[in-house]
Trainee: 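First the structure, which I've put down as structure tokens, then a few questions once you've had a look.
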Amino acid sequence: MPDYLPHTEDDIKEMLAFLGLSSLDELFATVPAALRLSGGLALEEGRPEPDVVARFEERARANATAGLVCFAGAGAYDHEVPAVVRSLAGRSEFVTSYTPYQAEVAQGVLQAVFEFQTLVARIAGLPIANASLYDGASALVEGVNLGVAASGRPVVWVSAGVHPHWRAVLDTFAVGPGHRVVEVPLDLGRTVWEGAAEAGGAPGVLVLGYPNYLGCLEDPAEARALADRLGAVLVMAADPVAVGLVKSPGEWGADVMVGEGQALGVPLAFGGPYLGLFACSQEHVRRLPGRLVGETVDRDGRRAYVTTLRAREQDIRRERATSNVCTNETLLAVTAAIQLGWLGTSGLAEVALRCARGARYCRDALLGIDGVEPLTGETPVLREFALRLPVRADLVIGRLAAEGYLAGVALDQLVGDRGDGSLDAEAAAHGLLVAVTERRTRAEIDGLVAALDKAVRS
Amino acid sequence: MPDYLPHTEDDIKEMLAFLGLSSLDELFATVPAALRLSGGLALEEGRPEPDVVARFEERARANATAGLVCFAGAGAYDHEVPAVVRSLAGRSEFVTSYTPYQAEVAQGVLQAVFEFQTLVARIAGLPIANASLYDGASALVEGVNLGVAASGRPVVWVSAGVHPHWRAVLDTFAVGPGHRVVEVPLDLGRTVWEGAAEAGGAPGVLVLGYPNYLGCLEDPAEARALADRLGAVLVMAADPVAVGLVKSPGEWGADVMVGEGQALGVPLAFGGPYLGLFACSQEHVRRLPGRLVGETVDRDGRRAYVTTLRAREQDIRRERATSNVCTNETLLAVTAAIQLGWLGTSGLAEVALRCARGARYCRDALLGIDGVEPLTGETPVLREFALRLPVRADLVIGRLAAEGYLAGVALDQLVGDRGDGSLDAEAAAHGLLVAVTERRTRAEIDGLVAALDKAVRS
Amino acid sequence: MTSAPGGRARSIPLLGHDTEPTLFELSAPGRQSWQLRTTGVPDRTVDELVPAAHRRRELVPIAEVSERDLVGHFTRLSHRQFSIDLGAYPLGSCTMKYNPKVADAVAALPGLAAAHPGAPASLTQGWLAVLVELEEALCAISGMAAATLQPAAGAAGELTGLLLMRAWHAAAGEDRRRVIIPDSAHGTNPASVTLGGYQVTTVPSDARGCVDMAALRAVLDADVAGIMLTNPNTLGLFEEDIAEIAGAVHEVGGLLYYDGANLNAILGVVRPGDMGFDIVHLNLHKTFATPHGGGGPGAGPVAVSARLAEFLPGPRPVRLAPGADGGPRFGWETPARSIGRVHGWHGNALVLARALAYIEVHGRDGLLRVAERAVLNANWLRRRLSSSYDVAFDRPCMHEVVLSAATLRKAHGVSALDVAKRLIDEGFHPPTVYFPLIVDEALMVEPTETESKETLMALADAFEAVAAEAVAGLLDHESPRHTPVRRVDEARAARRLVATYDARREE
Amino acid sequence: MTSAPGGRARSIPLLGHDTEPTLFELSAPGRQSWQLRTTGVPDRTVDELVPAAHRRRELVPIAEVSERDLVGHFTRLSHRQFSIDLGAYPLGSCTMKYNPKVADAVAALPGLAAAHPGAPASLTQGWLAVLVELEEALCAISGMAAATLQPAAGAAGELTGLLLMRAWHAAAGEDRRRVIIPDSAHGTNPASVTLGGYQVTTVPSDARGCVDMAALRAVLDADVAGIMLTNPNTLGLFEEDIAEIAGAVHEVGGLLYYDGANLNAILGVVRPGDMGFDIVHLNLHKTFATPHGGGGPGAGPVAVSARLAEFLPGPRPVRLAPGADGGPRFGWETPARSIGRVHGWHGNALVLARALAYIEVHGRDGLLRVAERAVLNANWLRRRLSSSYDVAFDRPCMHEVVLSAATLRKAHGVSALDVAKRLIDEGFHPPTVYFPLIVDEALMVEPTETESKETLMALADAFEAVAAEAVAGLLDHESPRHTPVRRVDEARAARRLVATYDARREE
Ligand SMILES: Cc1ncc(COP(=O)(O)O)c(C=O)c1O
Ligand SMILES: Cc1ncc(COP(=O)(O)O)c(C=O)c1O
């Protein structure tokens, strides 16, 4: 009977006696007999750890993808995570503690999160960042909620260049508050804001992806100008690695930055746990969703950290809270702080640069294959780009897996039937999104190109 | 230029200036120019971590053995090491500290070693155990040195049942002090003490393996009686797992226990680092080799631990020290303490029992294959046993590797040309030593048997 | 400005009580930790790659530290942090039980950790198996028909559940506006209700600490979309009238939502589905021991009864017809009337894998033992402490007990906070304080099943010693005394907000 | 007797200064942590398997604790332990530099960690490659022809080297009896000499802290088997006369042994082989940054000049003719006149792998930088501290500097120990004290190259503050003050030996 319980038979006897009970079952006297489960749970008996580990090793082997050279991205990137970051983030003090409710015994997590907030704020080019949200998609939802609250207008214009999954999540959660989400279509990888107006109702919020889900760097100045004209809050869904090379959302004039922090030291892990990044301008601080760590002093005047502006949060404000988030992704925020500390000022830029070099080299080579066309126009790309293959993308991915490569993400799988306003079903079916991180060597890229060349011809 | 150095160009300039130097090279002015290395070391340029990791992953893949179901033993056993032991023993406070010279900041390691000493003493059935030695072989050498010093007689009778590598190491190190090592031959797995006398000179030390290298449990009472008659010190080279089921060296009357602690939570790791166990009776405490942790109090009367009886050690006693050991295997001693804590009183016995069950089941089945004969007589075995195959053992090992099994260790490879007094070259060539730990399942054993059956017939 | 020394350790309690400099103070221009793979990819300048309009002028300032100083800094921070691995953590409502290390090992398997979430099902059968088998186990445990594993935490599960409620009523052509929650509910419940587009109707607790049936009946009508309950409730008490409650709510066409934060108490004893709940969220980071990471990640799967399954978020991992080899096959499927995605990918996958490992080790028998021991421990503490503290509702409790310092406060001017802080000096993490809100000076104690009788005794002794001090007028407001920082000035933190290092420097 | 509570944490400095109970005090009959694989192997009773004569009557008493309490105990112990990862560790002669985490990752690769040492060469080509390539690198670094990787630590290397010396002379039909070591030598040197069957002849150091040439010449004769030196020596000074020393020793037919503990200072600058050494041991756990594990494991490979190669321990990993595919192939070979095995298997393999990783990351250029920075740091400290402390030999040093508290002692009654203990309160691990023996009140400081200028400045400030206190008569014998235990009673430990928990109970 494997478990982690310390109770010996004697312990149980003594403790029951102390309670004046004669059986463990009596502990549940307040549970109506009629409701009691008879026959126990419909689960197997417990198995010792080594058996369970063996099962998981088998399941792990059944994930062929983990062994492939990864050119897939679409919001989840295969960046370098060094041993030093894994070992520090794995310290059990960070891993097995709860939310820092008692500051005196939680300065470790509190200070690490304070440093994380500082780093996110610097990347965002905005003064305030919170202690994390679930993932990029949930950060987007919170950003839109903040924007609607701030503008007082429930109409939201979202560029179709924002990650399709994030847009889907936004649609799901817009139902409650009753936001009216208008999707602004792409054309050749650029958002066509012009048409949007017809949708009726002045928007309170504009959302732009930077880069967008096809890897294109659109012009945030255009969105900013539009937002100014409409008196709307500008939310930029930005990639923290790209910001190593390009202007920050703050520099572009965004009011809110939301983002996915997976690229900052978090493993691919089949999509989670990831890390929602959230930053905003000073004026919105009291609408900030989620936890915030602030600096203060202790009774001896020593510098100390504590969660602050708690009055925004659900446990105090309850139904009037700015958000319902409680548990967030602190451990991954701490991991990101460590990873950023490892990268440092030069490393973040270097990673972004190497990604861009690899992507450029890879894209040029792939476009050399006949039948392979760019899916986007002149809009510049950095780490990721979209192609139109002469063959269905899912077939190509299947063939390249056999050659040892995860060639990318098939667009139709990614956008499902929601599209992005420019992709017809046929283009989606032949669309492949390819990402190249700093970990990809020239040999791997050449190998991919050769294999893809073969695959589209056979 | 990858490295872990914090010095910026400015740091170096400032520091050199402070020293009144104009180049780093001048730091080495005291090194005669004639001796200076010109052209630098004949090594490659440094490579970044990920390149080096990739190289090691390739090397790791080239160790086919690591992927095989392991039936090899011969002093290195594939026992269960749970995640909890690995994670605790991997705490950086244990991993990256030096020898506990400053007790006030080293209570963690000191107490863990104190607990290790207690556990080894209990396993040995002897009152004193040290803080570890390099491995079983070095523990044997130290045990013999202690015995010679205590008895004042340099003649050492060593059973040929002691691990062949350990005997080889003993021979190597006997040269310095000038011990006369007499190897007492085996017959059908049992030491034949009778003949030994002829070797001339009354022995000061007797050494018996328990179990011996062929897995046989010889009768220590016989050795004890002989030692009493000869006034010799009895050193038992005992296996800590076996002691889970059998009498301890102390119960058998041994003066000294030496042993290999690898089975107590240490990975196979191609033979090292392993863990030398050393325990002895009270009367020999001042001759104890190596470090010893003792309990005391601090100035406030709080219980505290510190290294003690230092006057035995090289740094104080120098050429008159009981041993030259300084760095030992502390981290593995701490690991063993954690592993034993995890096993607990019932677990150590359970592991020993499961090994014995598996070995019995496996041995019976293998002996069912025609042409496969036992190499030892009626002497009982526990975890390990020796067989005589109809085919050369190395061939069989090669064939079974292709089937996914490491069938065992070939005797001739193990004993080399030193033998054990009973093995003729031909027997050695056909001899296979098979070990079965608690990790081996019935399915794995059945698979081994089937494969071996096939291998000896083809 | 010169940087702080990265190798000085007076900030670890082992050596001293200094503050630890920030990463930014440890930074010195030119230091570097990063090492990246040699790729052989042709060099190109930033100018070639990034159009001038987008190019940033200066690098993003991060910090410049050596790997050695990076390690020193974060290792020192870890010594300033309490955790379960260091000792008991009886934080009510948080179920801080021991997190088995085997789950960490499972989560670290490259075959799981290095799997890309966008890879096709054919290449991720192992992960799909993990998800499907976990969903099946969670349904068996909760007594529901189907589940979504997407919600990243409990609160996300709550909101997902409320949207399911909304979709259900909408499908029935109804537009109900109110959701009922008891006054003892956790803050995420009302917050989620609002985000779900509903108004909160609060029902009081009765003298026994349970939902006041009369009051409930009074607010039930056709405008009620449903009710959110946790059972046992946040007072650690089992809602004995749950069957009546379910009947009454269902009668007006409402749905019952189960907040699974307290499921630990009833594993294998009674299932939410059998109590009449329609929607259930489970906190895997509580009941199933996935480490809480100092505030997250968690996972809050939502399980529903058959009639609600078609509304679940999608895509969902599902079993397909066995493959040619007869082995199981898995794929993705989006329910007919799905409310849509609630997570960017498939949920907090590695947390889900950990929970499955925990469930597989314990199995049907082990999970029942977990509940029994958790309830045994809590009741033992309740009984032991009822003489020195007020017990909010002094009758058999489930996995936790809510004490109160109300009497100590009135008689001796000592608050729940003083008691909590003083317990730190005794070597224990304090219980949850001032929650639930309906209990004056609440001290909410959840020992969990992994603490031993000896630990409970020591904890009880500590509680009693503190009470005795209070009675003797010896308990001051000075504790904790040994921690590297003493009581912190929370008011100042809010008044002069310094949420980043840069804000500090601007001061 | 009731057991101690496994969940109470007042022994971690974060919360308090209690002593941590032993594993044995945490034990309670019936508790269990172990979980073993389900094997399906037929059950058999102990009686069936173990003959009565051998069977033990009672189980070996270990301890009975839950996994949770096991974790609590050892995690708490870790909080009572200082380590490099927490801060600077300027322990002279120990080269406590930062240990790169990448080496841990390499050592954890299952392909390395799960390889059985008895498997045939055909199945362990990867390991053989690691060993051969490391041997080649170490020879390049030391300027020798061949090496053995078997010795498990420096002292084991020394003894191996002395036996090689012995074998060499024996082969020449000589039986020399004496080995010379300087009075500044590390204790393992003389101890190894004795175990090597030689007598120690000590030569004094001259006014410059180096071997006194005249004194050396005086003791050199045909009975001298060789000399053991470390260069730079334990005073951190380079033996400038090394060429003369080598000449003189070789002249009488002796061999030169190089104790590599201080190699860090001269990596890529000068090689022992070029100085005339015949036998060299290297401390991989110092120079090559393999973690010291609180006292071990280490690795002490021994490299020799060509003429001694045939005596090396065996079997040795060697390169074979390339395989059919042209790729490298490796095997085992025992030298013609091998002194035999010095390790149970092939040496401390995982330590060796770590060292190779370290060498490959640094390469020819990086290793030189290591030496330069190590020497730069030590000299900076020497210069800074020469005004507040005696410097044993105040001239340019190599990787470490030996200070002395002699003046402080005479003038202010403050010992090196007082200074060392006081430094702990300043947030630093103390330097090595009272070694080398020839320096009165020695404080041996080795900052290593991985500490930054800022750390050196803080360390220097701390040293100076302590000296100032001493001069002001403010330095007492009470430090350290913050540590969980204060100065310990070493005399009592030796007087009333309690080396096991059972011995304590017998008291
Ligand atoms: C009763 C109760 N409900 C809901 C929650 C919210 O769960 P989470 O923090 O995972 O969002 C919690 C956790 O604090 C809780 O205790
Ligand atoms: C100068 C010197 N020689 C030899 C040794 C012995 O090395 P080890 O501890 O690895 O046996 C040391 C280590 O303390 C040393 O400093």
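Chain letters run A, B, ... following the sequence lines, proteins first and then strands; every chain starts at 1. In what follows, every heavy atom counts, from backbone to side chain, and hydrogens, waters and symmetry copies are set aside.
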Trainee: With only heavy atoms counted, which part of A:L292 is less than 4.5 Å from chain C, the side chain, the backbone, both or neither?
Mentor: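 The answer is the side chain of A:L292.
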
Trainee: Measure the acute angle between the ring planes of A:F18 and C:W380, then classify it against the limits of 30° and 60° as parallel, tilted or perpendicular.
Mentor: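 Judged by the thresholds at 30° and 60°, the geometry between A:F18 and C:W380 is tilted.
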
Trainee: Where does A:Q413 contact chain C at under 4.5 Å (heavy atoms): side chain, backbone, both or neither?
Mentor: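 It is the side chain, since no backbone atom gets that close.
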
Trainee: With only heavy atoms counted, which part of A:L16 is less than 4.5 Å from chain C, the side chain, the backbone, both or neither?
Mentor: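 Backbone plus side chain of A:L16, per the 4.5 Å heavy-atom cut-off to chain C.
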
Trainee: Please classify the contact of A:E104 with chain C as side chain, backbone, both or neither, using a heavy-atom distance under 4.5 Å.
Mentor: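 For A:E104, backbone and side chain are both near chain C.
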
Trainee: Would you say C:R395's side chain and A:T30's backbone share a donor-acceptor pair under 3.5 angstrom?
Mentor: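 Looks like no, no N/O pair under 3.5 Å.
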
Trainee: What part of A:R61 gets within 4.5 angstrom of chain C, counting heavy atoms only: side chain, backbone, both, or neither?
Mentor: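 Contact with chain C involves no heavy atom of A:R61 at all.
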
Trainee: With a 4.5 angstrom heavy-atom cut-off, is it the side chain or the backbone of A:S132 that approaches chain C, or both, or neither?
Mentor: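 Neither part.
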
Trainee: Check whether C:L162 gets within reach of chain A through its side chain, its backbone, both or neither, counting any heavy atom under 4.5 Å.
Mentor: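 For C:L162, neither part sits under 4.5 Å from chain A.
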
Trainee: What part of A:R354 gets within 4.5 angstrom of chain C, counting heavy atoms only: side chain, backbone, both, or neither?
Mentor: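 Contact with chain C involves the side chain of A:R354 alone.
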
Trainee: Which bit of A:V293 comes within less than 4.5 Å of chain C, counting heavy atoms only: side chain, backbone, both or neither?
Mentor: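 Contact with chain C involves the backbone of A:V293 alone.
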
Trainee: Where on A:L88 is there a heavy atom nearer than 4.5 Å to chain C: the side chain, the backbone, both, or neither?
Mentor: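 It is the side chain, since no backbone atom gets that close.
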
Trainee: Please state whether the side chain, the backbone, both or neither of A:E251 comes within less than 4.5 Å of a heavy atom of chain C.
Mentor: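 For A:E251, the contact with chain C is made by the side chain alone.
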
Trainee: Hey, is C:R364 close enough to A:E45 for a salt bridge, meaning N to O under 4.0 Å?
Mentor: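 Looking at C:R364 and A:E45, the cut-off is met.
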
Trainee: Under 4.5 Å from any heavy atom of chain C, what part of A:A121 do you find: side chain, backbone, both or neither?
Mentor: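 The answer is the side chain of A:A121.
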
Trainee: Considering only heavy atoms, which portion of A:I12 lies under 4.5 Å from any heavy atom of chain C: side chain, backbone, both, or neither?
Mentor: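 Both backbone and side chain of A:I12 come within 4.5 Å of chain C.
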
